[in-house]
Every structure is written in C-alpha cells, then in structure tokens.
Amino acid sequence: MHTGPKLTPEQLEENFADINPPLTPSLALEAASRCLFCYDAPCIKACPTEINIPQFIRQILTQNLVGSARTILSANVLGHSCGRVCPTSVLCEGACVLNAEGKKPVEIGRLQRHAVDHVLNRGINVLKAGKENGQRVAMIGAGPASLACAAELRRLGCAAVIFDSKPHPGGLNTYGIAAYKMRAEDSVRETEMIRALGVDIRNGVTIGRDVSLEQLEREYDAIFLGVGLGETDDLNIEADNIRRCADALSFIEKTKTNGFDHVQIGTQVAVIGGGNTAIDVATAARRLGAEVVYMIYRRSREEMSAFDYEYELAKVDGVTFVWQAAPVRVVPDARGRAQGLVCVKTELGPPDSSSRRSFRPIPGSEFTLEVDMVVRALGQKKLAFLQDIPNLKLDGGKVVVNAETMQTANPKYFAGGDCVNGGGEVVDAVAHGKRAARGIHAALAAQQRGVAHA
Amino acid sequence: MPDLSINFCGVRSPNPFWLASGPPTNTAYQVMKAFDAGWGGAVWKTIGDPIINTASRYGSIDYKHERMIGLNNIELISDRPIETNFREISEVKKRFPKNTVVASLMVESKRETWHDIVRRAQDSGSDLLELNFGCPHGMSERGMGAAVGQVPEYTTMITTWVKEVATIPVIVKLTPNVTDVAHMASAAKQGGAGAVSLVNTFNSLVGVDLDTYAPRPNVGGYGSHGGYCGPSVKPIALHMVSSVAKHPTVGVPISGIGGIANWQDATEFILLGATSVQVCTAAMHYGFRIVEDMIDGLSQYLEDKGFNSVMDLVGKSVNRIRDWGDLDLNYKIVARIDPQLCIGCNLCYIACEDGAHQCIAAAERPRGDLRDGEIAKHVPRILEDECVGCNLCALVCPVPGCITMEQLDNGRATMSWRQLQEARGRNPQCTMGDLLAKGTAAD
C-alpha cells in the first residue's frame, strides 16, 4: 500500500506548472527590442546548432513570426524544446553581449519558443522536404539526435525511417525532461512536425528483436545510431533488492507518463548524485509532496556538475543538500522496504582522472538518514547493444565518430547524441544529428557518383 | 534660482514653455489645467468658422517598443463657435493674468473677415495673435492655412490686413512645407509681423495598413494626407528655426515648435534662436505634467551653466552655424574604442565596413560557450590611419562612452573650403594637398 504523501490533482498540476511560461506578444516585442542585432554574434557561436539568433529576433520584431520560426527550425528542428530546456545561461544567453554591460541578457530561449509556438499552434509547416534522391536511411532511436538527423535528411531529399522501442517518439525529450520544463505531449507534438516532412517514425519496434540489424543493413543505404545511453548506473551497495529504491530515469519517466497522482513517492526521500538529473529528481520529489528531500553528493558544491540555475531551483524548492557524503547501504524494514540510508562522510583530495577533486570515505564517520525512498541519479550505463554492430569502434563505451561527418568506423553507420558524447544537452544531440545527415548525404552521393562512373 | 521668465515681443511670460495650438488647447478647462501644471503660455486651438472633423484623425509611427515617435493628424481647426472660444479666453485671462494666452486665427482670405476676427480676439484679452498660415491639410484645400503660407505675397498681404487693426503683437505661424522657410519669415516681416512661430506640421502620409490596404489614419477605408509632428521632426524643425534666426533681415522673435518633449529639446531650440517654445505632441502623449521637469531641468541647467536668465541663452548657438564652405578641412578626429567598456557587439565594425569607410577590423569570433570556460572578449580595432572621423561607429555603439572621437593634432592651421579656393587662385602651381598642409598660413 502507498503510504507516502498524497496531494490533490489540482495541487500536483500547480506544482508541475510550466516553470518558464510562454511570452505574451507584448512581452515578446519588449524582449526582442532589447537585442542589439550583433554582427558575427556570440550567441550564434555559443549555440551548438548555430541558429541565426539575431535574425530570428529581428523577425519577431517585424511581426514575421513564420519567418522567425523558419530561421530557427531550419537550423534546429527541435527549436521548440530547445527553447524550453536548453541551459541558455551557459549557451546563447550566457554569450549575450548585454551581460558584459551588467545587463540581463536577451531572453533568447523564451523568444525562440514564442516564434516556434506560433507555427506549432497553427500547424504551419515551415520546412520543406527536398527532391527525392533515392537514398534510404534508417535511424535507430527516436530521440533528439535521430529526429534532427531524419529531418535534415528529408530536407536533402533522402527517405528517413526511425525505429524506436518506446510507445512514443522523442526519446529523453519525451520521457526524461522534468515535467515542469516540458510535458511529454509537447515533445510528441514537436515530432509531428517532423513526421509532416515525410519522416516515417515506427515506435514499438526493437532492433535486434523485431527487426534484425542484417535486415536494416540490407534495406537501407546508411544507418544512424541515435540510441542514447542505457539505464541508470548502479549504486553497487546493498540496495538493489530493497523496495522503494528507484533509479532516476524510471522515476522521471513515471512523472511524464503515468499522471502525477500515480507516481509513488516517499515522505522522506534521498536522491544520490550531483548532476542535473539528480536535481530534476529532487525537485520532482518535492513537487510530488515529499516532505524532506536529501541530495547526497560525494564531493562538494564546487565539484557538482549541475548548472547553477538548477542548484538554485532545488534550493528554492526546499531540497536539503548533504555534501561530501557517500551511500553505504539502504536499511530495509521488516517488509523489505527502505527505512533508512547509511552514509559515510568523505574528505576531498587532489584532482582525479575526472579532473574534479578526488574523495575518500572517512572511516568511522557513518551516519543514518531516515528515509522511506532512495533514488539513484548517477549517470547512465553505456548500451551493450552497440557491441552487436560489426566493426564499430568504441571508446569507454562511447561510439567513436569522425567529428565532421559523424561516420563511425563501420562506414555504413553514423552516430550522434548521447551514445557519442556520453550524455549531453538536447541541443548537442540535434547538432550531431544535423551534421550526421549532411555526412550521410555526402557519403551516399559520392557512392552514387562512383556507381555512375563505373 | 535663475529667472525663467521671458519677454516675447514686449509680452512677459512666466516661462518659455507654451502649449502649441492644437487639441490640448481646445478649451478653457484644458488651458487652465495646463497653467495650474506650470505652463507659461498657451496658443489656443485655431479659431475660425467652426468645422466638422472626421473619425479617425491621428496616425503614428512607433519604433521598436517606443510608441508615437511621430504623430500625424487630419484634424482641422476648432469645431466650437467663435464666440465660445473668445468667451473662454476672457475667463482664462481673468483667472491667469500672468500667463500668456495667444489667439490662433484662421479665416477666409477677405480683408473684412480678418479685421473682424482680429478685433474680437483683442477684445477677448488675448496677449498675442498667431496667424495660422501653416496647416497643411484640409484647411489648405479651402484656400487657408498652408495655402496662404506657401505663397509669400499672400503671407505679406494678409499680415498687412491684420496689422491694419491689430493693437497687440502679431505672430505669423509658418509652414515647413516650403523650399525656404526663412524667405516666408521675411514675407511675414514685410507684412508687419512682430514675431514668427515655426514649424507647423509636415505634409505626410503616416502609413498603410498591410491587411486592409487602407492608409492610416483610416476614415471608412480611405485616408488623406495629414500633418506630421512629434519627436521625429525635431532635427528638421531645429534647422528651420536656425535658418530664420540667421536670416540677415528677419530679426524678429521666434517661437520654436517641432518635436519638443523635454527641457533638453527646448534648450536646443532656445540656443538656436527661439525665445519661447511650443509643445503639442508630448502633451498629447503624456499630459500637461511633463512641464514640471521642463521647468526644473531648465532651471538646473541655467544654474549649472551660470546663467541668471533664460533670455541669456536665446540664440547663443546661432553663430556656431556656418556654411559648409566655412568649416575647417584640417580639423582631424579619429575614433577610439575603450576595450574595458566594449561589449563586443561588432555593430561599429559592420557599420563602418558596409556603411562607411572600412576603417575597423574585427577578427572572426571563435565558436564556444560557457561550458568550455570563459568566452574571450571580442574587441574590434580601429585602423586609425584609415579612419576619416565620420562619427558613425560612435553613433551606433550601444555603450555610452565606449567609442569616443578624439582630436588629433596634425600641426595644421585651419583652412576652410572657401579659404582653399582663394588660396588656389593665388597659388595655381600648388596642389590642394600642399595648400591644405600649409593651412591659412600659406600666404
């Protein structure tokens, strides 16, 4: 039986309301009018997809919202979700020249969403597929990298088919983004625009089970790996057979698919990890009604990989940070459910291989937190699936690619997104996908020319 | 506290800030409210045979988020009976004897009709008369307003008629829709005008609705040319005022009008020769309360600059305006960028590169975001030897004080184009470059 806190559906909806709501037309004009229209603008240089930001903002100012959306989407087909989930303070907005004058940067993310919403809400398709060129490309995984790759391929005239084992497209964009940033349906709606370009998205298909790799290789001229990463890393402590111990991705996914009132939540929750996903879990736990949420991190605030604004959000949400502590074991109650987490204090040493300071447990410093739920948020495992692909070169589980073309060591395969960079932003995956599409198109065009010459 | 009062054609006014003839001076209610707020004078909404107006009447230009930087109207003169206007002027003068009330007049071009309205205006207790020879729309189609002001002979003739019966000073309000406004001021002076006011509105078509194809302002799907005013006309008005102030024979007091919205605008008009200034659009936009800072700001300015009276400022910059041919060709300035203040927007670079003389270099910006560490500062570089000193980069720079124009001592004496021409006549064997290098010391 569920014994944790129970909020009303209305309270839950309010707690998960859009953290950065859309701009009104008047606010958008005011925000847009602050853009200086820099030349060779630093915001473009700080955007992995190189959106012409000053141009799309100028188009908002001239009431050319369709043109503005076209500027955005032709560079980044996931412009809607990137406008909402990008860490803009370290990307475009962090590079805005207004910062140098001590002013607030132009609200680029919100303006981007404003322009793309205009076409999404009206069903206007601003991108056009190119003339069919006979090239056929399969994408494995329907996350941001594959979606961007497929959309760009369609614009270049290639046929693009995406295979994904989940019931809905979008990958982590649909299943892994904190609900107060973006709802699953918004991500799925964005993929509809990509379908409208002629991309064939086949959900519920697992490669290697429903369709073999050999079959894909036979039927397609090239294959793009946009498979992302695997499940959350294990804690490697006595916990994994105890109930009320969850992993971050599954926990977030439940908040995105089950309805908030169906997500099981403890009264006192420990979240283990110091990254952005750990923050997502901690803030979601508070918003679901957990009375106390501990974030337990082995190192100190300085080493934490979460962005500053995410840390600030967690503080505002009342998350309690337990610095320099490592989990030792979960203490179960008589019925095998978590009732406590034993941790040990750590001390920091010189930087280790991750270039962050090393840590080691201080013997005898164990202490116990009374918690009835433990969520691990430690990063993701690499996918074993990649081992099945012949001649693929991996480095620490990450796919090795040519940085210009995203081609892997097996020339038929290209790759991008988290499976290449080990876990990045949505916008990084989109940049990879777009680059891969161009690489694929160029490689296949060269093959076609070769055949023609022969 | 410096003295803000002025003497305009022998009439004393508590300060130089007058409301121009227009919607804000339509009634005694408005004018008395304005005097309570601090305005020194008001030029009544033009009095003549009552007219019928259209709806709508105004159209405007916005810039980015700034509303109404220019205003256009197709409104005509007062729609109220002549006797009502004069009765209300009497009431206002009784309640506010020290404030200046100017009766603005416009009637058909008949000597007796003008005689009649002038007498009635004087009887009302008005301090001054302003003859509206400037309205560019509507009234001009009926042979009045700009139809008079655009023909110097008509301007002289009607001013002469008015002076035949006038016992108070006469201001002629000039239209800017002429080739040479100073010539029109001269025509007014010949007719006996004691002062001129300028500028009236500029003939304009403020815009077209891109969905309906109807011009703005729209009257049942149609529009007509109107009169344009507001902040955007100020530079044109300033030039026109200065050209009248510089005219060798006009020599009458000037009431300056055209885009004045604050004490700084007003002070510029005064420095270029205006004794009083008139405001309309800014009062229509923000109400009469704007005069509070106009009074305060001008007083502070006079105090800061050590003037006892605003009258000491009148025309102070007029002799700083010369013909182009009298400007020093040897005056050399170059742009300097303060790297501390520069925010790296590259606007100076692209303005100079595409729009001027290619005197600024900017390295291509490397790709990068804050995840890779600090973003290096990107400061364009002035190519000083190439810089022509045009000011454009300093004008487009969004950071106050970042780009300054600094004088270079090139060791040359001054030499204007006119002096250069004369020197060439005397030294036909020398090149222009040599003559410039020697400056006026050449002889």
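Both backbone and side-chain heavy atoms feed into the values below; hydrogens, waters and symmetry mates do not. Just so it is clear: chains get the letters A, B, ... in the order the sequence lines come, proteins before strands, and each one is counted from 1.
For the pair A:Ala415 and A:Val399, the tightest heavy-atom approach, listed with the atom from each and the gap, is CB-CG1, 3.9 Å. Residue A:Ala41 comes nearest to A:Pro54 through the heavy atom pair CB-CG, 3.5 Å, listed as atom of the first residue, atom of the second, then distance. In this structure, A:Ile72 and A:Ala115 approach most closely via the heavy-atom pair CD1-CB, 3.7 Å.
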Kindly determine whether B:Ile337 and B:Val379 satisfy side-chain contact (heavy atoms from CB on, under 4.5 Å), including the steps that lead there.
CA-CA 8 Å; B:Ile337 298 174; B:Val379 181; 4.0 Å; yes

If you apply the rule salt bridge (charged side-chain N to carboxylate O under 4.0 Å, His left out), what do you find for B:Glu406 with B:Lys332, and how did you get there?
CA-CA 8 Å; B:Glu406 292 179 17; B:Lys332 175 76 177 160; over 6 Å; no

Residues A:Ser300, A:Glu303; criterion side-chain hydrogen bond (donor to acceptor under 3.5 Å, both in side chains); working and verdict
CA-CA 6 Å; A:Ser300 72; A:Glu303 285 81 24; 2.4 Å; yes

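Of residues 421-435 of chain A, those residues lying under 4.5 Å from chain B by any heavy-atom pair are A:Glu425, A:Asp428.
Of the atoms belonging to A:Thr62, not a single heavy atom falls under 4.5 Å from chain B. With a threshold of 4.5 angstrom between heavy atoms, B:Ala376 does not approach chain A through any atom at all. Heavy atoms closer than 4.5 Å to chain A are found nowhere in B:Glu353, neither backbone nor side chain. Looking at A:Cys96, there are no atoms closer than 4.5 Å to chain B (heavy atoms on both sides), in backbone or side chain.
A donor-acceptor pair shorter than 3.5 Å can be found between the side chains of A:Arg84 and A:His80. At a cut-off of 3.5 Å, with distance as the only test, a side-chain donor of B:Asn73 or B:His137 sits close to an acceptor on the other residue. Neither side chain, A:Asn52 nor A:Thr71, offers a donor N or O lying under 3.5 Å from an acceptor on the other.
The candidate from B:Lys64, B:Glu66, B:Arg371, B:His378 with the greatest count of non-hydrogen atom pairs under 4.5 Å with chain A is B:Arg371. Top candidate by heavy-atom pairs under 4.5 Å with chain B, chosen from A:Pro42, A:Ala100, A:Cys38, A:Ser33, is A:Pro42. Taking B:Cys342, B:Cys402, B:Gly368 one by one and counting their heavy-atom pairs under 4.5 Å with chain A, the maximum is reached by B:Gly368. Among B:Leu347, B:Asp372, B:Leu341, B:Asp369, the residue with the largest count of heavy-atom pairs under 4.5 Å with chain A is B:Asp369. Of the listed residues (A:Asn99, A:Leu91, A:Val90, A:Leu36), the greatest number of heavy-atom pairs within a distance under 4.5 Å of chain B belongs to A:Val90.
Judged by distance alone, with hydrogens and angles left aside, the side-chain atoms of B:Asp296 form no donor-acceptor pair with the main-chain N or O of B:Val291 at under 3.5 Å.
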